[in-house]
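Provided herewith is a single structure, encoded as structure tokens, for subsequent inquiry.
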Amino acid sequence: RAEAALADSHISPADRAAATSLLAGLDLAQDRLPEAHEHLQRLTQWQLQPADWFLLGTCRQRMGDLPGAIVAYEKVLEIDATEPCTYRALAPLYQTQGNSERAKELLERAALLEEHLAKLPN
């Protein structure tokens, strides 16, 4: 249905983004990485959602494009620097590239955010 919706030239931008997001998630879950990457590239051009950039980073990482994954995860931090999992996803990539100092900074930030989130009332 999502593919059919995208074929409709009269689809609203919000519905186009929702259908593309659905297809990207399905492709990523089924390990169709090039297709997922294509959908996520489009999404990140249409809207500025940290989740889209995070999935793009994950997709690139799984495709073996570590520099591209770093760019995508860093974009997540530009949009929303409050999610510890982004720091934790990014740290090993910097470590792999030999930037231990940046990896350490990211892990420290993740721990600090997790500590503060744990103190928030439920």
Side-chain angles (χ1 to χ4, degrees):
R1 288 185 182 188
E3 289 172 346
L6 290 175
D8 182 354
S9 61
H10 301 296
I11 189 173
S12 72
D15 287 343
R16 181 171 302 283
T20 303
S21 181
L22 176 65
L23 289 173
L26 290 171
D27 286 337
L28 196 56
Q30 295 176 2
D31 213 30
R32 293 190 304 256
L33 300 177
E35 294 86 349
H37 188 265
E38 185 177 324
H39 292 305
L40 291 164
Q41 288 270 101
R42 277 195 216 112
L43 275 173
T44 57
Q45 291 172 0
W46 296 337
Q47 59 187 14
L48 193 61
Q49 296 294 326
D52 296 337
W53 282 97
F54 189 89
L55 287 177
L56 181 60
T58 301
C59 185
R60 288 177 175 172
Q61 183 176 2
R62 288 175 57 190
M63 292 174 74
D65 178 10
L66 299 188
I70 289 172
V71 168
Y73 288 138
E74 287 286 0
K75 185 67 175 182
V76 174
L77 296 181
E78 287 178 30
I79 300 167
D80 180 5
T82 64
E83 183 55 57
C85 70
T86 306
Y87 294 92
R88 294 212 177 273
L90 195 49
L93 300 181
Y94 276 109
Q95 187 69 42
T96 298
Q97 298 222 324
N99 192 341
S100 299
E101 187 60 35
R102 178 70 174 142
K104 180 182 173 191
E105 290 171 12
L106 290 164
L107 292 174
E108 288 172 355
R109 176 63 63 108
L112 182 64
L113 287 169
E114 289 165 346
E115 180 183 325
H116 286 297
L117 288 172
K119 293 179 182 177
L120 292 175
N122 293 334

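Start at 1 with the first residue, then count along the sequence. These numbers come from the heavy atoms of this one structure, side chains and all, not from hydrogens, waters or symmetry mates.
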Checklist entry - Any link between L43 and L22 through a network of hydrophobic side chains (Ile, Leu, Val, Met, Phe, Trp, Tyr) touching at under 4.5 Å? => result no
Checklist entry - Are E38 and R42 ion-paired here, with the side-chain N under 4.0 Å from a carboxylate O? => result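 The answer is yes: the pair qualifies as a salt bridge.
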Checklist entry - Are L117 and L112 connected, step by step, through hydrophobic side chains (Ile, Leu, Val, Met, Phe, Trp, Tyr) whose heavy atoms are closer than 4.5 Å? => result no
Checklist entry - Quick check: does any side chain N or O of R62 sit under 3.5 Å from a backbone N or O of L28, one acting as donor and the other as acceptor? => result yes
Next on the checklist: Restricting to non-hydrogen atoms, name the atom on A36 and the atom on A24 that form the minimum distance, rounded to 0.1 Å.
Outcome noted: CB-O, 3.8 Å
Next on the checklist: Using the rule side chain to side chain contact (heavy atoms under 4.5 Å, CB included), only one of L77, V76, L107 pairs with Y87; which is it?
Outcome noted: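 One option only clears the test, and that one is L77.
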Checklist entry - Linking I/L/V/M/F/W/Y whenever any side-chain heavy atoms sit under 4.5 Å apart, do L26 and L55 land together? => result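 No, because L26 and L55 fall into different hydrophobic clusters, even though each may have its own neighbours under 4.5 Å.
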Checklist entry - Between W53 and Y73, is any pair of side-chain heavy atoms under 4.5 Å apart? => result no
Checklist entry - Can you tell which of D27, T20, D52 makes a side-chain hydrogen bond (donor to acceptor under 3.5 Å, both in side chains) with H39? => result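 So, applying the side-chain hydrogen bond (donor to acceptor under 3.5 Å, both in side chains) to H39 and each of D27, T20, D52, only D27 qualifies.
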Next on the checklist: Tell me if a side-chain donor or acceptor on S21 pairs with a main-chain N or O of A17 at a distance below 3.5 Å.
Outcome noted: no
Item to check | Short N-O contact, E78 and K75, less than 4.0 angstrom | outcome: yes
Next on the checklist: Side-chain heavy atoms nearer than 4.5 Å, only ILVMFWY residues, links allowed to pass through others: does that put L23 and L33 together?
Outcome noted: no
Item to check | Backbone of Y94 reached by a side-chain donor or acceptor of R102 within 3.5 Å | outcome: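 Checking the backbone N and O of Y94 against the side chain of R102, no donor-acceptor pair under 3.5 Å is found.
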Checklist entry - If two hydrophobic side chains count as joined below 4.5 Å and joins carry through other members, does V71 share a cluster with L48? => result no
Checklist entry - Would you find more than 12 non-hydrogen atoms of other residues, nucleotides or ligands less than 6.0 Å from R88 atom CZ? => result yes
Checklist entry - Side chains of Q97 and P67: closer than 4.5 Å at any heavy-atom pair? => result yes
